[in-house]
Engineer: 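Let me begin by handing over the structure; questions about it come next.
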Protein chains: 2
Amino acid sequence: MSLTHLQSFVAVAEEGHVGRAARRLHLTQPPLSRHILALEDELGARLFERTRSGMRLLPAGEAFLLHARRILAEVDAAVHTVRGVTGTRSGG
Amino acid sequence: MSLTHLQSFVAVAEEGHVGRAARRLHLTQPPLSRHILALEDELGARLFERTRSGMRLLPAGEAFLLHARRILAEVDAAVHTVRGVTGTRSGG
DNA sequence: CAGAATTACGTTTCCCGTAATGATA
DNA sequence: TATCATTACGGGAAACGTAATTCTG
């Protein structure tokens with residue numbers, strides 16, 4: 001499991017489409033597809049249903065999505081907290 | 001930033017010692033030291049004070065530690081949630 | 001054919017561990 | 001000298017992208 005995989009998962013969940021999510025992440029389809037497969041393999045559960053038109057979240061995927069978003073938000077918060085403590089600015 | 005880096009950070013923070021943390025993580029000192037340096041570089045802030053006897057958390061590091069633990073706990077919760085939804089068990 | 005995801009394959013990049021180095025008392 | 005952390009360096013694994021494949025209608 002990696003943060004990159006989580007970002008990929010969220011993007012695919014929101015786009016419902018590997019190709020579209022890949023463009024959004026500035027990636028090609030194959031690695032993105034592999035991220036999802038690796039995640040499913042690691043979790044031991046299918047997260048998406050593969051339909052003719054794309055990817056649709058399964059119940060396990062919907063549950064996981066909530067956590068994934070929370071983790072990524074926490075990461076963001078962690079960065080901002082450190083910047084706040086040290087007074088570091090983006091541009092300075 | 002990676003979950004591995006966060007695990008490394010927490011271990012060093014708790015042990016106050018790169019060598020000891022490395023043993024705990026079944027790793028050697030150099031990669032672990034690099035994890036911390038990469039984290040500090042990415043955050044743009046020093047997280048530890050290097051003392052003669054080891055590593056001591058700075059204020060920014062203490063603030064970051066709270067987030068790091070939370071992120072790792074969330075990851076764990078995410079895994080358990082998926083297992084709960086799908087009924088997957090650890091041993092089978 | 002058309003459109004979607006996945007697998008195959010080659011290259012590059014990343015990361016670990018051993019060894020060497022720097023710093024402190 | 002002794003004990004830390006860090007840097008240098010070489011080899012193996014991981015991950016990307018292009019191209020080929022599979023699946024459905």
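As the structure is a prediction and not an experimental result, all values here were calculated from the model.
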Engineer: Picking from D:dG17, C:dG17, D:dA5, which would you name as closest to the side chain of B:V18?
Structural biologist: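 Of the options given, the side chain of B:V18 lies nearest D:dA5.
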Engineer: Please state how far atom CZ in A:R23 lies from atom C1' in C:dG3, giving the value in whole angstrom units.
Structural biologist: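 Nearest whole value for this atom pair: 15 Å.
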Engineer: Counting only side-chain nitrogens and oxygens, does B:S33 get under 4.0 Å of the OP1 or OP2 atom of D:dT6?
Structural biologist: yes
Engineer: Atom CZ of B:R34 to atom P of D:dA8: distance rounded to whole Å?
Structural biologist: 11 Å
Engineer: Can you check whether B:V79 reaches A:F64 side chain to side chain, under 4.5 Å on heavy atoms?
Structural biologist: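 Side chain of B:V79 against side chain of A:F64, heavy atoms only: no contact under 4.5 Å found.
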Engineer: With sugar-phosphate meaning primed atoms plus P, OP1 and OP2, does B:H35 contact a base, only sugar-phosphate, or nothing at under 4.0 Å between heavy atoms?
Structural biologist: sugar-phosphate
Engineer: Of all the nucleotides listed (D:dA5, C:dG17, C:dA25), which has the minimum atom distance to the side chain of B:H17?
Structural biologist: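 The listed nucleotide nearest to B:H17's side chain is D:dA5.
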Engineer: Assign B:I36 to base, sugar-phosphate, or nothing according to its heavy-atom contacts below 4.0 angstrom with the strands shown.
Structural biologist: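 Touches nothing.
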Engineer: Kindly indicate whether the side chain of A:F48, heavy atoms from C-beta on, has any atom under 4.5 Å from the side chain of A:V12.
Structural biologist: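 A side-chain contact exists here, since the closest heavy-atom pair is under 4.5 Å.
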Engineer: D:dT7 C1' sits how many Å from B:D41 CG, rounded?
Structural biologist: 15 Å
Engineer: With B:F9, which of B:L39, B:L32, B:L72 fulfils side chain to side chain contact (heavy atoms under 4.5 Å, CB included)?
Structural biologist: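 Among B:L39, B:L32, B:L72, the one meeting side chain to side chain contact (heavy atoms under 4.5 Å, CB included) with B:F9 is B:L39.
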Engineer: Between atom CG in A:L27 and atom P in C:dA5, what is the gap in whole Å?
Structural biologist: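 Interatomic distance, CG of A:L27 to P of C:dA5: 14 Å.
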Engineer: Roughly how many Å is it from CD in A:E40 to P in C:dT6, rounded to a whole number?
Structural biologist: 8 Å
Engineer: Looking at A:R50, I'd like to know whether one of its side-chain N or O atoms comes within less than 4.0 Å of OP1 or OP2 on C:dT6.
Structural biologist: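 Looking at the OP1 and OP2 atoms of C:dT6, one of them is under 4.0 Å from a side-chain N or O of A:R50.
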Engineer: Which nucleotide in the set C:dT18, C:dC9, C:dA25 lies at the smallest distance from any side-chain heavy atom of B:R52?
Structural biologist: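 Minimum distance to the B:R52 side chain belongs to C:dA25.
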Engineer: In whole Å, I'd like the distance from the CD atom of A:E15 to the C1' atom of C:dA5.
Structural biologist: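 To the nearest whole Å, that distance equals 16 Å.
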Engineer: Do B:E15 and B:R24 have side chains that get closer than 4.5 Å, going by heavy atoms?
Structural biologist: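 When only atoms from C-beta onward are counted, B:R24 and B:E15 do touch, with a gap below 4.5 Å.
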Engineer: Given D:dT6, D:dT24, D:dA8, which nucleotide is nearest the side-chain atoms of B:M55?
Structural biologist: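 Of all the options, the side chain of B:M55 is nearest to D:dT6.
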Engineer: Could you state the atom-to-atom distance from CZ of A:F48 to C1' of C:dT6 in whole Å?
Structural biologist: 15 Å
Engineer: Rounded off to whole Å, could you give me the CG-to-C1' distance for the A:L32 and C:dA4 pair?
Structural biologist: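 Going from CG in A:L32 over to C1' in C:dA4 covers 13 Å.
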Engineer: Is the shortest heavy-atom distance from the side chain of A:V75 to the side chain of A:L3 under 4.5 Å?
Structural biologist: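 Touching, per the 4.5 Å side-chain cut-off.
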